[in-house]
Amino acid sequence: MNASGYIGRFAPSPTGQLHMGSLLAAVASWCDARHHGGEWRVRMEDLDPPREVKGASQDILATLEAFGLLWDGPVVWQSRRLTRYQDALSDLRRRSRVYPCSCTRRELAGHLVYPGHCRTGLPVGKEGRLVRFKMESGDVTWQDLILGQLSMDPLSLGDFPVLRADGFWAYQLAVVVDDMAQGITHVIRGADLLDSTPRQIQLWNALQSASNLDLASTAMPRFGHVPILENERGQKLSKQTRAKPVNAEKASEQILQVLSCLNQDTGDGELLARVREKAPVQVLKRAAELWRRIDVPSQSIESHG
Ligand code: GLU
Ligand code: ZN
């Protein structure tokens, strides 16, 4: 543990190359960690083989290095931690916080939120296909490091899968188990994951007294959500919307571009003026010194090549 007690992380899924949206999340969490004298870990969320793109994890790591986003300690690979997720599930079962669900996609068509068909038991003659976590009622509230106090009603989210029908572990469970195991204190990530936070807070609370897990954390991480970047058509930058990968040859400029999307001070133009001459590590170092947590709305970003 470092003197600051701060441990942050970046947790990409290897479903494609880093684009400006993922770079923004990486730069924000890196700067926040470094500004506070903390550590910054990288965790590869490779739990979804059907969506995984061959070579993407190595590509992401090489890109982070090229951008000067250097991490502490070894990269954690979720695909090597499956028994941990199994242990967590066993614990949730003992506490009756999960239940089997037989519902197919077709049966749930038209429902935005899981209607709870299997909450009190499987319908007669049906078999469980997946496992869901039981959300407790009562608003989930947290003090977001960037957006301020937020509150969400679990009824608007519904019970969610922790083990999927295709047999793979769901993102929500793995994230919480790993954030706990790694002793993560600060989660700075994109606002597209805002809906996940109340789910993860409830999972965290449910798992915190689990005795069969080797958990480093004793406190819930703090959460901070940075804006989502959109393309000219107002769509979130993502693989689905064909966001272009970042360009390592323009690393310093692109870091500066995401910093300005984050409304960061660029040192009276100091970074701006000399960015072309500067290596990305130098730009980042200065950005971390000047870093401040501020709320900025989602915004559109020019396409770049
Ligand atoms: N792996 C998730 C993603 O790439 C992010 C997880 C997180 O930051 O909590 O969308
Ligand atoms: Zn069901």
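Start at 1 and go down the list; that is how both ligands and their atoms are numbered. Given the structure is predicted, the values throughout are model-derived calculations rather than measurements.
Between the side chains of Gln182 and Arg43, at least one donor N or O sits under 3.5 Å from an acceptor N or O. Under the 3.5 Å distance criterion, with hydrogens and angles disregarded, a donor-acceptor pair is assigned to the side chains of Thr197 and Arg189.
Ring-plane geometry between Trp40 and Trp30 is classed as perpendicular, the angle between the planes exceeding 60 degrees on a 0 to 90 degree scale with a lower cut at 30. Aromatic ring pairs are classed by plane angle as parallel below 30°, tilted from 30° to 60° and perpendicular above 60°; the pair Phe223 and Trp142 is perpendicular. Ring-plane geometry between His117 and Tyr114 is classed as perpendicular, the angle between the planes exceeding 60 degrees on a 0 to 90 degree scale with a lower cut at 30.
The side-chain heavy atoms of Arg164 and Leu130, taken from C-beta on, include no pair separated by under 4.5 Å. The shortest side-chain heavy-atom distance between Val175 and Arg9 falls under the 4.5 Å cut-off.
Ordered by chain and number, Cys101 SG, Cys103 SG, Tyr114 OH, Cys118 SG make up the set of protein N, O or S atoms under 2.8 Å of the Zn ion (ligand 2).
Between Arg293 and Asp144 there is no salt bridge, since none of the side-chain N atoms of the basic residue sits less than 4.0 Å from a carboxylate O of the acidic one.
The protein residues lying under 4.0 angstrom from ligand 1, judged by non-hydrogen atoms, are Arg9, Ala11, Ser13, Glu45, Tyr171, Arg189, Leu193.
Lys126 NZ: 12 or fewer foreign heavy atoms inside a 6.0 Å radius.
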